[in-house]
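This structure is a prediction, so every number in the text was calculated from the model and none was measured.
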Amino acid sequence: AAFGGLSEKALSARPHDDSVAIQCLGGCSLDGQEMRSPPGAYLVVRQEQGLRIGCDRILLVENFETFRRLNEYSWLDLQALRVLVVYRGDQRLPISQAAALINKRREPIWAMVDFDPAGLVIANALPTQRLEQVMLPQLDWLRANAVTHHGKYLYSQQTPQASQVLGKTTHRQISMLWELLQKLQSGITQEAMRWAR
């Protein structure tokens with residue numbers, strides 16, 4: 001009655017406003033307790049919990065399907081490190097929360113993104129000094145598999161918006177990948193990289 005007929009939820013935050021989807025690989029810890037994510041599973045944590053997770057690297061993953069099936073990407077080498085995997089976010093899990101978590105931490109970052117202009121823009125937006133590498137299959141595999149009708153469509157649709165950003169990048173690997181994309185004039189999604197060897 002005190003709320004004049006409003007739902008009890010009307011004055012509360014949306015359920016995922018302060019949430020980040022993560023996986024803990026290689027023995028990450030939270031307040032001294034080891035955390036592990038079973039294959040195909042993930043956790044949703046509040047920002048302040050995410051900041052307390054002990055790890056050696058942060059791996060940002062662009063797409064949710066790839067994030068959930070990360071264990072199926074056999075080419076992905078985590079180098080026996082403790083890796084906090086962070087899903088970039090979407091309409092339910094805010095992109096701003098994942099970005100804030102990454103920006104408030106200090107570990108080196110790996111970016112696992114689509115091999116297309118938009119994916120490279122996402123990687124380029126990460127703190128440049130901390131971006132250690134963009135995680136992709138071998139370049140020979142990309143050259144052999146990226147040129148498809150869908151890949152050409154991705155490239156043509158995304159290049160007008162992405163080219164100015166990528167043309168000014170100061171990150172050596174992103175610059176090299178952008179040159180390769182321009183030569184191929186085609187890209188490939190993370191989902192298609194699942195079968196790379």
Side-chain angles (χ1 to χ4, degrees), residues 23 25-26 55-81 83-90 95-96 98-197:
Q23 291 184 42
L25 305 178
C55 65
D56 302 311
R57 296 291 185 280
I58 296 172
L59 172 61
L60 175 77
V61 178
E62 178 182 357
N63 299 325
F64 189 65
E65 182 180 347
T66 299
F67 173 73
R68 285 183 49 203
R69 304 182 93 156
L70 201 60
N71 62 297
E72 297 176 27
Y73 288 72
S74 61
W75 54 267
L76 185 64
D77 181 8
L78 301 182
Q79 302 172 24
L81 296 171
V83 179
L84 174 61
V85 184
V86 177
Y87 170 51
R88 179 175 178 258
D90 52 32
I95 291 173
S96 60
L101 175 64
I102 289 169
N103 289 333
K104 289 176 183 176
R105 298 189 62 113
R106 294 291 163 249
E107 294 84 5
I109 304 165
W110 296 341
M112 190 173 176
V113 294
D114 292 336
F115 179 60
D116 61 19
L120 294 185
V121 167
I122 290 168
N124 194 66
L126 294 165
T128 304
Q129 296 79 14
R130 292 173 52 215
L131 180 58
E132 193 169 68
Q133 62 179 319
V134 179
M135 307 293 277
L136 291 168
Q138 294 290 325
L139 295 182
D140 287 344
W141 187 92
L142 291 173
R143 288 186 192 98
N145 292 275
V147 182
T148 63
H149 289 297
H150 183 63
K152 290 177 182 179
Y153 174 78
L154 289 173
Y155 179 82
S156 66
Q157 292 297 303
Q158 297 172 6
T159 295
Q161 297 85 8
S163 60
Q164 289 190 0
V165 171
L166 296 175
K168 296 176 184 172
T169 186
T170 58
H171 194 278
R172 188 174 51 83
Q173 187 186 12
I174 293 175
S175 179
M176 180 272 295
L177 292 169
W178 175 229
E179 286 181 23
L180 178 58
L181 266 177
Q182 290 176 96
K183 287 177 186 171
L184 297 174
Q185 295 194 7
S186 187
I188 190 167
T189 64
Q190 290 185 305
E191 291 82 358
M193 296 176 196
R194 188 156 38 115
W195 297 280
R197 293 290 175 256

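- Using modelled atom types, one side-chain atom of Arg130 and one backbone atom of Glu107 make a donor-acceptor pair closer than 3.5 Å.
- Of all heavy-atom pairs between Pro127 and Ile109, the closest is CD-CD1, 3.7 Å.
- Within a 6.0 Å sphere centred on CD of Glu72, other residues, nucleotides and ligands contribute more than 12 heavy atoms.
- For the residue pair Arg194 / Thr66, no side-chain donor-acceptor distance below 3.5 Å is found, with atom types taken as modelled.
- Taking each heavy atom of Pro117 and Trp178 in turn, the nearest pair found is CG-CZ3, 4.0 Å.
- Annotation for Thr128 and Asn124: closest pair OG1-O, 4.5 Å, computed over non-hydrogen atoms.
- Tyr155 meets the ring pair (Phe, Tyr, Trp, His ring centres under 6.0 Å) test with no other residue; sequence neighbours excluded.
- When the shell of 6.0 Å around CZ of Arg172 is examined, it contains 12 or fewer heavy atoms from other residues, nucleotides or ligands.
- No more than 12 heavy atoms of other residues, nucleotides or ligands shown are found within 6.0 angstrom of CD on Gln164.
- The two residues Asp90 and Ile95 have their closest heavy-atom pair at N-CG1, 4.0 Å.
- Remark: the backbone N or O of Ala146 is paired with a side-chain donor or acceptor of Ser186 at under 3.5 angstrom.
- Side-chain contact between Glu65 and Asn63 is absent, with no heavy atoms from C-beta onward closer than 4.5 Å.
- When every heavy atom of Leu120 is checked against every heavy atom of Val113, the shortest pair comes out as N-CG2, 4.4 Å.
- With a 4.5 Å cut-off on side-chain heavy atoms, Tyr73 and Met112 count as touching.
- Trp110 places no side-chain N or O within donor-acceptor distance of the main-chain N or O of Leu78, the cut-off being under 3.5 Å.
- Put simply, the side chain of Glu62 gets close to the backbone of Asp114: a donor and an acceptor are under 3.5 Å apart.
- Applying the side chain to side chain donor-acceptor pair (under 3.5 Å) test to Arg57 and every residue at least two apart in sequence or in another chain returns Glu132.
- Arg143 approaches Val147 most closely through the heavy-atom pair O-CG2, 4.4 Å.
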